[in-house]
Trainee: 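Structure below; questions to follow.
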Amino acid sequence: LWLLKEDYPVLNPDPMEKEEWVSFALDNNYTVKATAYARDAANESAKASKSEHAPKLAARLGYDDSRSNIDRDDGLNDVNFDVNQKGGSVSLNLSMPLYTGGYISAARRQATEEYNRAQETYAGAVRNTVQATRAFHLQTTVDVATTNARRLAITSSQSAYDATQAGYEVGTRNIVDVLNVQQALFSAVRDYANARYQYVIDMLKLKQQAGLISPEDIFELNNWLVPPEAPTLSETGLTQ
């Protein structure tokens, strides 16, 4: 697995104010936008259903202009003349649904309920977006503090390991003490790597909630990855 460069910036969200992220997310979150459009469409459909009981007046205008030429010779008569015809028509059609077995009323109620459902879906999307944005913003700031703390923990564990190793070499410490502090050092390195990984994930999720995430974020992250160095025999404790 490729590794994240050591100088990868682990920074607090910018801007730092949580409510600014929430406000931006409500304007740009794709789920909120989609549910808002669905709500508006359902509202227009409900309005249209309410007008199905009203009378309908349809107007129709027509115009016809035809021209033809008749040329006929049957041996006795030779006929040749033009025929031009023009005409126009206007019609009005008034219709009113008197009784349709309750279909119109049922369709109107259904459209109203569909609008209510779309409205609740939109409200739920807004609540979820606000909650998720606040949570990921808070978690990201926690990840920054955790990463810095675990970086210092590595330094502390490395110093303890070096001191214990020196004591083992002069005979004041035994091998068990060395293995214990070495295990603590490895745990500190692992925890630091996990904290950085969690920061990357939470920052991407925060951008996703705010409607800011794009393929460029993945390309940029990929530029911070480097292949790991090949392990050596000395690092594994093996000999040739």
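Excluded from the calculations below are hydrogen atoms, water molecules and symmetry mates; all remaining heavy atoms, backbone and side chain alike, are included.
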Trainee: Over all heavy atoms of both residues, which pair between T164 and R173 is shortest? Give the atoms and the distance, please.
Mentor: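 The pair with the smallest heavy-atom distance is OG1-NH1, 3.5 Å.
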Trainee: Partners of K205 by salt bridge (charged side-chain N to carboxylate O under 4.0 Å, His left out), sequence neighbours excluded?
Mentor: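 Result, salt bridge (charged side-chain N to carboxylate O under 4.0 Å, His left out) vs K205: none returned.
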Trainee: Please tell me whether N194 and Q198 have a donor and an acceptor in their side chains that are separated by less than 3.5 angstrom.
Mentor: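 No - no donor-acceptor pair under 3.5 Å links their side chains.
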Trainee: Does T141 offer a backbone N or O that forms a donor-acceptor pair with the side chain of Y199 under 3.5 Å?
Mentor: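 Answer holds: no.
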Trainee: According to side chain to side chain contact (heavy atoms under 4.5 Å, CB included), who are the partners of Q139, at least two apart in sequence or on a separate chain?
Mentor: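 With neighbours one apart ignored, the set is V142, D143, D202.
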Trainee: Do you know the tightest heavy-atom contact between S45 and A111?
Mentor: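 Looking at all heavy atoms of both residues, the closest pair is O-CB, 4.2 Å.
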Trainee: Taking the side chain from T35 and the backbone from T121, do they hold a donor-acceptor pair closer than 3.5 Å?
Mentor: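 No; zero donor-acceptor contacts below 3.5 Å.
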Trainee: Tell me the closest heavy-atom pair linking Q209 and N29, and the distance in Å.
Mentor: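 Shortest heavy-atom separation between Q209 and N29 comes out as O-ND2, 2.8 Å.
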Trainee: Name all residues meeting the side chain to side chain contact (heavy atoms under 4.5 Å, CB included) criterion together with L4; count only those two or more places apart in sequence or in a different chain, and write none if there are none.
Mentor: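 Scan of L4 (side chain to side chain contact (heavy atoms under 4.5 Å, CB included), adjacent residues dropped) gives Y8, R196, V200, L221, W224, L225.
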Trainee: So which residues get pulled into V90's cluster when ILVMFWY side chains under 4.5 Å apart are joined, directly or through others?
Mentor: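 The other cluster members (ILVMFWY side chains, heavy atoms under 4.5 Å, direct or chained) are L61.
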Trainee: Applying salt bridge (charged side-chain N to carboxylate O under 4.0 Å, His left out), name anything that partners E19, two or more places apart in sequence or on another chain.
Mentor: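 Per chain and number, E19 pairs via salt bridge (charged side-chain N to carboxylate O under 4.0 Å, His left out) with R134.
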Trainee: Roughly how far apart are M203 CE and T140 OG1, rounded to 0.5 Å?
Mentor: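 Between atom CE of M203 and atom OG1 of T140 there are 5.0 Å.
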Trainee: Determine the minimum heavy-atom distance between K5 and V226, stating which atoms define it.
Mentor: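 K5 and V226 have their closest heavy atoms at CE-CG1, 3.3 Å.
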Trainee: Holding to side chain to side chain contact (heavy atoms under 4.5 Å, CB included), I want the full list of residues that pass it with P228, two or more places apart in sequence or in another chain.
Mentor: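 With neighbours one apart ignored, the set is W2, L3.
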Trainee: Should Y192 and L11 be regarded as members of a common hydrophobic cluster, given that ILVMFWY residues are connected when their side-chain heavy atoms come within less than 4.5 Å of each other, either directly or indirectly?
Mentor: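 Not linked; separate clusters.
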Trainee: Does a side-chain heavy-atom distance below 4.5 Å link D217 with K207?
Mentor: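 Of all side-chain heavy-atom pairs linking K207 with D217, at least one is under 4.5 Å.
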Trainee: Test side chain to side chain donor-acceptor pair (under 3.5 Å) on N116 and E120 and set out the steps.
Mentor: CA-CA 6 Å; N116 292 335; E120 291 300 323; over 6 Å; no
Trainee: State the CE-NE2 distance between M16 and H137, to the nearest 0.5 angstrom.
Mentor: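 So the CE of M16 and the NE2 of H137 are separated by 5.5 Å.
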Trainee: Which heavy atom of D14 sits nearest a heavy atom of W21, and at what distance?
Mentor: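 Result for this residue pair: O-CZ2, 3.4 Å.
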Trainee: Not counting sequence neighbours, which residues clear salt bridge (charged side-chain N to carboxylate O under 4.0 Å, His left out) with R39? List them please.
Mentor: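 Counting only residues at least two positions away or on another chain, R39 forms no salt bridge (charged side-chain N to carboxylate O under 4.0 Å, His left out).
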Trainee: Identify the two heavy atoms, one from S49 and one from R108, that lie closest to each other, and give their separation to 0.1 Å.
Mentor: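 Scanning both residues completely, I find the closest heavy atoms to be CB-CA, 3.8 Å.
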Trainee: Show which residues join I201 in its hydrophobic cluster (side-chain heavy-atom contacts under 4.5 Å, direct or indirect), or state none.
Mentor: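 Grouped by the 4.5 Å side-chain rule, Y197 form the rest of the cluster around I201.
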Trainee: Apply salt bridge (charged side-chain N to carboxylate O under 4.0 Å, His left out) to E20 and list each qualifying residue two or more places apart in sequence or on a separate chain.
Mentor: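 Counting only residues at least two positions away or on another chain, E20 forms no salt bridge (charged side-chain N to carboxylate O under 4.0 Å, His left out).
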Trainee: Decide yes or no on side-chain contact (heavy atoms from CB on, under 4.5 Å) for Y168 and D177, but give the supporting numbers first.
Mentor: CA-CA 8 Å; Y168 173 73; D177 295 331; over 6 Å; no
Trainee: Is the shortest side-chain heavy-atom distance between L206 and T133 below 4.5 Å?
Mentor: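 Yes; the side chains approach each other to less than 4.5 Å.
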Trainee: Mark yes when over 12 heavy atoms from residues, nucleotides or ligands other than Q131 sit less than 6.0 Å from its CD; otherwise mark no.
Mentor: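 Incorrect, the count does not exceed 12.
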Trainee: Taking everything shown except Y63 itself, do over 12 heavy atoms lie less than 6.0 Å from its OH?
Mentor: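 Above 12, so yes.
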Trainee: Suppose we screen for side chain to side chain contact (heavy atoms under 4.5 Å, CB included). Which residues come up paired with L1, at least two apart in sequence or across chains?
Mentor: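 Listed in chain order: nothing, the list is empty.
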Trainee: Give the other cluster members for V126, using side-chain heavy-atom distances under 4.5 Å between Ile, Leu, Val, Met, Phe, Trp and Tyr residues; answer none if it is isolated.
Mentor: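 Other cluster members: V22, L26, V32, Y122, V130.
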Trainee: For the CD atom of E44 and the CG atom of D40, what is their distance to the nearest 0.5 Å?
Mentor: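 The distance works out to 7.5 Å.
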Trainee: In Å and rounded to the nearest 0.5 Å, what is the OG to CG distance from S157 to L152?
Mentor: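 One finds 10.5 Å between OG of S157 and CG of L152.
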Trainee: In residues 179-191, what donor-acceptor pairs under 3.5 Å come from side-chain atoms, sequence neighbours left out?
Mentor:
| from | atom 1 | to | atom 2 | distance (Å) |
| --- | --- | --- | --- | --- |
| N180 | ND2 | V176 | O | 3.3 |
| S187 | OG | Q183 | O | 3.0 |

Trainee: With rounding to the nearest 0.5 Å, note down the distance linking CG in L212 to CG in L204.
Mentor: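 Rounded to the nearest 0.5 Å, the CG-CG separation comes to 11.5 Å.
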